[in-house]
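Below you'll find the structure, written out as structure tokens, and then a few comments.
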Number of protein chains: 2
Amino acid sequence: MRILVVEDFPPLSRAIVQGLQEAGYAVDSAGDGEEGLASAQACPYDVILLDIMLPKLDGLSLLHQLRKQHHPAAVLLLTAKDTVADRVMGLDAGADDYLVKPFAFEEVLARVRAMARRRYGQREAQVVIDDLEVDLVARTVTRAGRPIALSAREYAVLEYLCARRGHVVTRMEIWDHVYDFATEPSSNVVDVYIGYLRRKIDADHPHKLIRTRRGQGYVLGEPE
Amino acid sequence: MRILVVEDFPPLSRAIVQGLQEAGYAVDSAGDGEEGLASAQACPYDVILLDIMLPKLDGLSLLHQLRKQHHPAAVLLLTAKDTVADRVMGLDAGADDYLVKPFAFEEVLARVRAMARRRYGQREAQVVIDDLEVDLVARTVTRAGRPIALSAREYAVLEYLCARRGHVVTRMEIWDHVYDFATEPSSNVVDVYIGYLRRKIDADHPHKLIRTRRGQGYVLGEPE
DNA sequence: TCCCCGATGCGCATCCTGGTCGTCGAAGAC
DNA sequence: GTCTTCGACGACCAGGATGCGCATCGGGGA
């Protein structure tokens with residue numbers, strides 16, 4: 001899952017970004033409204049955390065712009081104000097959820113998880129494929145009942161594959177959702193991580209869970 | 001689907017071309033407006049990705065020329081500017097969609113898919129013919145419920161046949177939409193791939209799904 | 001230490017070519 | 001109308017080149 005944080009107060013922004021990264025998300029941040037808009041347009045973020053009071057371009061205007069362009073991200077508004085009028089205005093503008101400052105980081109995490117899941121039309125917090133179980137809330141993976149430890153990046157790749165289970169996913173798409181802006185897509189990292197994952201959860205030959213579509217990408221699940 | 005990318009900034013161009021190829025499209029590229037116009041006139045592209053700021057001939061002029069010649073391609077404009085005036089000018093010139101830089105690759109892919117589908121008048125993301133099902137989003141194929149693995153090229157041919165289901169399609173047309181400039185049409189590749197497809201999805205004799213129209217081409221579906 | 005990521009080389013699926021065989025259809029003879 | 005003949009077109013096969021995917025190694029960073 002890839003997340004954008006638009007917040008102008010550096011300590012808060014830093015705290016949120018760090019917390020989300022620790023939770024295994026790919027996170028970018030923007031310090032004002034204009035930067036936020038540009039970033040949002042540049043990337044298919046799954047979730048955008050958006051402060052309302054921002055320099056240059058306020059959060060609600062930004063949200064309006066995004067929705068006008070049919071941006072698919074789920075938006076979580078962060079605000080100091082909490083009146084019914086504010087709340088209505090935010091949700092009317094196309095926000096998916098609403099969080100009033102001050103809030104606990106736990107709260108952020110919970111809502112982000114919920115939104116990310118909703119975004120891919122998954123009701124269940126648990127994805128089951130064959131004897132593999134991925135718990136998207138607990139962020140745990142078991143195969144045939146035995147728990148499997150994944151690194152943050154490994155989990156991120158698996159999570160994205162789960163979100164699009166049964167669909168052919170190109171390397172580029174995986175890249176887009178697992179990496180932030182820091183790196184360049186001119187390498188075989190994705191292959192490498194598919195390899196790691198297979199070694200841990202899909203050791204048999206031929207691979208039954210993560211199937212290769214030569215020249216196209218990978219598919220998770222989808223039997224036969 | 002065959003796509004032309006007209007973009008003068010090499011890194012961006014390369015990234016887009018590579019990504020689209022990975023997604024199974026036949027892609028050519030042009031580095032300036034004149035080259036772009038020449039390529040567009042030389043080939044029945046389904047989609048053209050067109051930068052506005054270009055050397056020699058700018059994107060809007062190019063677009064005007066194409067529309068004057070009734071070129072059928074769907075055009076996706078790429079631009080750094082994003083004012084209402086720009087947007088209106090682009091769409092008035094006959095563009096089908098509009099993408100503001102910087103953008104994520106996945107955004108490009110989504111819009112290209114949407115345009116390609118619209119272009120062939122398909123609402124559904126899934127094509128069903130008899131007991132054959134082709135999911136154009138998931139890029140999966142099933143016959144009588146059983147999934148069928150196709151290679152990238154096999155899928156590309158089938159996708160094009162789906163797009164023109166019920167119509168007679170010549171070899172040349174298939175070739176045009178499945179291959180880029182790299183190869184020459186002086187062979188029987190298309191026949192060969194029709195053969196591959198039939199073996200996988202249409203094994204019965206006589207072939208019910210992919211019918212031969214001697215001296216003309218092939219038809220997908222269209223009973224009797 | 002564990003995780004992350006770029007690079008290299010090998011093996012194989014995929015792709016294409018060229019050739020041969022089978023088949024369809026038109027035209028002509030009866 | 002029917003049968004025959006011939007030409008052309010399409011189907012299928014198999015060998016070989018290509019390039020993709022995968023495993024692995026090793027350096028760098030947290």
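Values reported hereafter were calculated over all heavy atoms of this structure, with side chains retained and with hydrogens, waters and symmetry mates removed. Proteins come first, then strands; the chains are lettered A, B, ... in the order of their sequence lines, and each starts at number 1.
For the helix from C:dT1-D:dA30 to C:dC30-D:dG1, the end axes, each set by the C1' atoms of five terminal pairs, are bent relative to each other by 40° (nearest 10°).
Panel note: side chain A:Asp202, backbone A:Ile210; a donor-acceptor pair is recorded below 3.5 Å. Listed for the A:Glu35 side chain is a donor-acceptor partner under 3.5 Å among the backbone atoms of A:Gly31. Between the side chain of B:His71 and the backbone N or O of B:Ala40 there is at least one donor-acceptor pair closer than 3.5 Å. Distance alone, capped at 3.5 Å, places no donor-acceptor pair between the B:Asp130 side chain and the B:Leu132 backbone. Although no hydrogens or angles enter the test, the distance criterion places no donor-acceptor pair under 3.5 Å between the side chain of A:Asp32 and the main chain of A:Lys56. The backbone N or O of A:Asp176 sits less than 3.5 Å from a side-chain atom of A:Arg2, completing a donor-acceptor pair. Of the possible polar contacts, one joining the A:Asp135 side chain to the A:Ala138 backbone as a donor-acceptor pair under 3.5 Å is found. A side-chain donor-acceptor contact under 3.5 Å links A:Arg211 to the backbone of A:Gly221.
Ring geometry, A:Tyr193 versus A:Tyr196: the interplanar angle exceeds 60°, so the pair is classed perpendicular (tilted spans 30 to 60°).
To the nearest angstrom, P of C:dA13 lies 14 Å from CD of B:Glu154. The distance between atom CZ of A:Arg211 and atom C1' of C:dA13, rounded to the nearest whole Å, is 16 Å.
Not one side-chain nitrogen or oxygen of B:Arg153 sits closer than 4.0 Å to the OP1 or OP2 atom of C:dA13. Between A:Tyr193 and C:dC3 there is no side-chain polar atom (N or O) within less than 4.0 angstrom of OP1 or OP2. Distances shown here put every side-chain N or O of B:Ser151 at or beyond 4.0 Å from the OP1 or OP2 atom of C:dA13.
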Across nucleotides 25-30 of chain D, 5' to 3', mark each nucleotide with B, S or - according to how protein heavy atoms within less than 4.0 Å reach it.
------
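In summary, A:Asp131 and A:Arg143 engage in a salt bridge, as defined by a charged side-chain N under 4.0 Å from a carboxylate O.
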N/O-N/O pairs, protein side and nucleotides 16-22 of chain D side, under 3.5 Å:
residue: D:dC20; atom: O2; partner: A:Arg214; partner atom: NH2; Å: 2.7
residue: D:dG21; atom: OP1; partner: A:Arg171; partner atom: NH2; Å: 3.1
residue: D:dG21; atom: OP1; partner: A:Gly215; partner atom: N; Å: 2.7
residue: D:dG21; atom: OP2; partner: A:Arg171; partner atom: NH2; Å: 3.1
residue: D:dG21; atom: O5'; partner: A:Arg171; partner atom: NH2; Å: 3.1
residue: D:dC22; atom: OP1; partner: A:Arg198; partner atom: NH2; Å: 2.3
residue: D:dC22; atom: OP1; partner: A:Thr212; partner atom: OG1; Å: 2.4
residue: D:dC22; atom: OP2; partner: A:Tyr218; partner atom: OH; Å: 2.6

